[in-house]
Amino acid sequence: METSQVVRQIRMSGYAVFENIIPANEVSAIRKEVVRLQAEHDAESRARQEATRAKGHRIGAKGVGVLKQVINYTQCFAPYLADRRIMDVAETFFGPYVRISCTDAVVNCPGNERGYWHADWPYNQTNASNVKAPYPDCMFHLSSIWMLTDFSAENGATFIIPGSHNTTDNPSKGDLQDFDHEAPYPTEANASGPAGSVLFYDSRLWHAVAPNLSNEPRVALIVRYAPWWLNLNPTMIGRPEHTAMVLETGGKNYESTPISREAYTALSPGVQALYGHFVAD
Ligand SMILES: O=C(O)CCC(=O)C(=O)O
């Protein structure tokens, strides 16, 4: 598919799958490295999820292992983040000076539970910092899920509701009339694709973690692209807005840890430009 077709699909349906971004002969080495690192840090991931749950906050879905800011541990996938095809999509929406707000790895283990319908930050109303509905008709954030295994209905390819990005609110909090944010929805679909593909979606799109009914983990990177004008400070641990809006309120948030100086230095200039806003001192 051409970049212009991807952009059109995101505009019309709220999402598009861009195939062949990571070449087939490289994706399996990247997947193995990401799975190894996530397993190494799994205890931290579980402890963080339990602490979130203990505070009365909702976590994504049980059975999903996370490694936050995986780029601090490996940069093996980094060149693709600034691939010209990817940047053309992001820059078509946001213009130059795009930034990355999140680079997390997720390993959806066989049997993981179904997640709740939500939109991503800054629209997710369960986050301490969020844009109030009704939203203006403007995409503030571009989410992407990088498929390091094939994504299929069987192994839990992300559930999406096509066109839901055009609504002016979202179901994260579970308070919408006539919409059960835990239940299947009649027009839901799995966003499937072969390993090496990137699922792009408007962060307003209603989506949910799907159950993995296969015997193998479903592995992905969660990467989000932000325009220069979106204030990321509430998401950045250590920034005053984060302290005031999240720590002091006891809220849950979409959070990011800084990229280490060592990891940043290992990146090419094109990729550094995406992370320069949040390098550890
Ligand atoms: O991993 C998935 O399929 C969905 C992830 C998700 O819901 C999110 O990143 O907000």
Side-chain angles (χ1 to χ4, degrees), residues 10 14-18 31 34-35 38 45 48-49 52 57-71 77 81 100-127 129-131 139-162 164-165 170-174 181-182 184-185 188-195 197-214 216-226 235 252-256:
I10 298 170
Y15 75 104
V17 174
F18 208 159
R31 176 177 63 248
V34 165
V35 168
Q38 197 285 319
S45 157
R48 198 182 42 252
Q49 286 183 346
T52 304
H57 300 314
R58 182 73 200 249
I59 64 161
K62 272 194 203 159
V64 176
V66 181
L67 179 54
K68 291 193 81 67
Q69 204 65 297
V70 60
I71 198 157
F77 54 82
L81 302 179
I100 284 181
S101 70
C102 163
T103 324
D104 295 345
V106 286
V107 177
N108 293 25
C109 300
N112 74 263
E113 71 176 5
R114 181 186 175 113
Y116 66 109
W117 290 112
H118 63 283
D120 287 340
W121 188 89
Y123 302 103
N124 188 325
Q125 305 292 321
T126 69
N127 289 149
S129 58
N130 64 70
V131 174
M139 181 172 79
F140 292 164
H141 210 189
L142 177 64
S143 299
S144 67
I145 299 185
W146 293 57
M147 304 178 190
L148 299 183
T149 50
D150 292 344
F151 269 37
S152 65
E154 193 198 2
N155 77 355
T158 313
F159 280 139
I160 45 104
I161 302 180
S164 53
H165 64 304
N170 81 78
S172 314
K173 246 185 160 170
H181 74 155
E182 309 282 356
Y185 190 72
E188 75 184 23
N190 292 100
S192 303
S197 306
V198 175
L199 162 63
F200 271 120
Y201 59 95
D202 184 319
S203 298
R204 292 172 293 183
L205 188 77
W206 301 13
H207 63 283
V209 171
N212 180 353
L213 306 173
S214 78
E216 297 291 329
R218 195 222 68 182
V219 186
L221 300 171
I222 307 286
V223 181
R224 303 207 179 105
Y225 293 84
T235 74
K252 173 186 112 166
N253 210 32
Y254 170 61
E255 276 178 354
S256 182

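Residue numbers run from 1 in the order of the sequence given. Order of appearance sets the numbers: ligands from 1, and atoms from 1 within every ligand.
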Quiz item: Under a 4.0 Å N-O cut-off, is there an ion pair linking Glu188 with Arg114?
Solution: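 Counted as a salt bridge, because a side-chain N and a carboxylate O are separated by less than 4.0 Å.
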Practice problem: Considering heavy atoms of the protein only, find what lies nearest to atom 1 (O) of ligand 1 and give residue, atom and distance to 0.1 Å. | Solution: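 Residue, atom and distance for the closest contact: Arg218 NH2, 2.8 Å.
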Quiz item: What is the closest protein heavy atom to atom 9 (O) of ligand 1, and at what distance does it sit?
Solution: Arg224 NH2, 2.9 Å
Under 4.0 Å from ligand 1, counting heavy atoms only, is it the side chain of [X], its backbone, both or neither?
X      : answer
Asp120 : side chain
Met147 : neither
Thr158 : both

Self-check item: Atoms of ligand 1 close to Ile222 [distance to a heavy atom under 4.0 angstrom, numbered from 1]
Solution: 9 (O)
Quiz prompt | Atom indices of ligand 1, in the order listed, that fall short of 4.0 Å to a heavy atom of His118 | solution =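 Numbered from 1, ligand 1 contributes 6 (C), 7 (O), 8 (C), 10 (O).
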Quiz item: Taking the six-membered ring for Trp, are Phe140 and Tyr123 ring centroids under 6.0 Å apart?
Solution: yes
Quiz item: Taking the six-membered ring for Trp, are the ring centroids of Tyr201 and His207 within less than 6.0 Å of each other?
Solution: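 Distance test on ring centres: under 6.0 Å, yes.
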Exercise. Assign the ring pair Phe200 / Phe18 to parallel, tilted or perpendicular, where the plane angle (0 to 90°) is split at 30° and 60°.
Key: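 The rings of Phe200 and Phe18 sit tilted, inter-plane angle from 30° to 60°.
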Quiz item: Ser101 and side chain to side chain donor-acceptor pair (under 3.5 Å): which partner among Trp121, Tyr225, Tyr254?
Solution: Tyr254
Practice problem: Might you point out which heavy atoms bring Asn190 and Ala157 nearest each other, and give the distance in Å? | Solution: ND2-O, 2.7 Å
